[in-house]
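As the structure lists them, so they are numbered: ligands from 1, and atoms in each ligand from 1.
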Amino acid sequence: MSELSRTRISPKSVDELISLLASRQVFLFLDRDGTLVPITDNPKDALLPSATVGLLNELSVRISKRISIVSARGLATLAMDLNPADFILAGNYGLEISFPSGQTFLHPAAQEARAVLLDIRSDLEKIAAHDPRLLMDDHQYSFCLHYHRVPPAEQASVHLIIKELERKYRSLQFKTLPTSYEIGPSIEWSKAHALEKIIEHCSPATSDVLYLAFGDSPADEPMFKWVNDRGGMSFKVGEENSSHALGSFGSPSAVISFLQQILPLQQVSGDQDATKQTARNLQP
Ligand SMILES: [Mg+2]
């Protein structure tokens with residue numbers, strides 16, 4: 001059974017999706033961690049497999065670089081995964097974006113917060129060095145302090161440390177996530193804003209474009225809603241049920257398998273017969 005026929009989609013049917021994929025230009029928005037690669041104990045270990053990079057490169061060619069990674073990670077990290085000349089890379093939820101044209105976007109408030117971000121980075125590095133169970137992700141314009149390796153009975157001390165930092169850095173935004181704190185510029189911003197910024201720059205012919213979004217966490221919900229509101233398809237990865245997403249996949253490997261199957265549906269111009277044949281093969 002193909003990944004397409006296993007995909008849970010509502011309200012569209014798999015047949016409708018196949019037909020849309022074969023007839024419309026796809027614009028792809030992909031979260032990274034938990035969507036393209038499984039979440040790991042240490043985020044540094046969540047490397048993009050070379051086969052996945054190869055697949056994304058092929059897709060980029062097929063869909064004329066209309067493919068964006070929209071991630072909490074910093075742009076510099078995303079640029080180590082994929083060639084910025086072939087992808088739209090949106091780091092820090094899109095506060096910083098690079099386009100294949102070489103143009104870049106950096107939210108002015110992120111730029112303005114740079115000095116204070118450097119100060120708190122220094123504090124966070126000291127805190128993480130003091131307790132090796134803590135992990136600090138440096139995304140340049142935001143930071144994430146993970147405490148999932150600290151036993152629950154000892155986590156109160158982490159919360160106290162963060163409270164102190166909040167008092168010291170009142171101009172920054174502290175977000176409480178299930179087992180981490182995310183700290184960055186105080187900006188009303190989500191992945192939906194990132195998509196808006198990307199489309200503003202790329203300005204595709206909207207009637208002809210099918211937006212597809214894939215993500216695994218609450219941070220992806222605004223992206224799902226943005227895509228749904230424009231007649232696109234959104235897919236939640238993982239087990240959690242409550243989501244704006246219209247479809248779901250059980251794991252990153254199921255996403256990769258799906259992308260492998262939609263690849264032939266997006267033909268480079270002049271190969272319509274092959275597209276139709278692939279669509280027939282994928283019918284459940
Ligand atoms: Mg994710």
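In this pair, His201 and Phe99 present their aromatic rings parallel. The plane angle is below 30°, not in the 30 to 60° band.
Looking only at protein N/O/S atoms, the ones less than 2.8 Å from the Mg ion (ligand 1) make 3 in total.
Contacts classified as salt bridge (Lys or Arg N to Asp or Glu O under 4.0 Å) and involving residues 67-85 (residues at least two apart or in different chains) are given here: Arg32-Asp81, Asp33-Arg73.
More than 12 heavy-atom neighbours from other residues, nucleotides or ligands sit within 6.0 angstrom of NZ on Lys65.
The other members of the hydrophobic cluster of Leu106, by chain and number, are Val116, Leu117, Ile120, Leu124, Ile127, Leu134, Met136, Tyr141, Phe143, Leu145, Tyr147, Val150, Val158, Ile161, Ile162, Leu165, Tyr169, Leu172, Phe174, Tyr181, Ile183 (side-chain heavy atoms under 4.5 Å, ILVMFWY only).
Between Glu221 and Lys236, the shortest heavy-atom distance links the atoms OE2-CD, 4.2 Å.
Residues passing the ring pair (Phe, Tyr, Trp, His ring centres under 6.0 Å) test with His244: none are found, sequence neighbours excluded.
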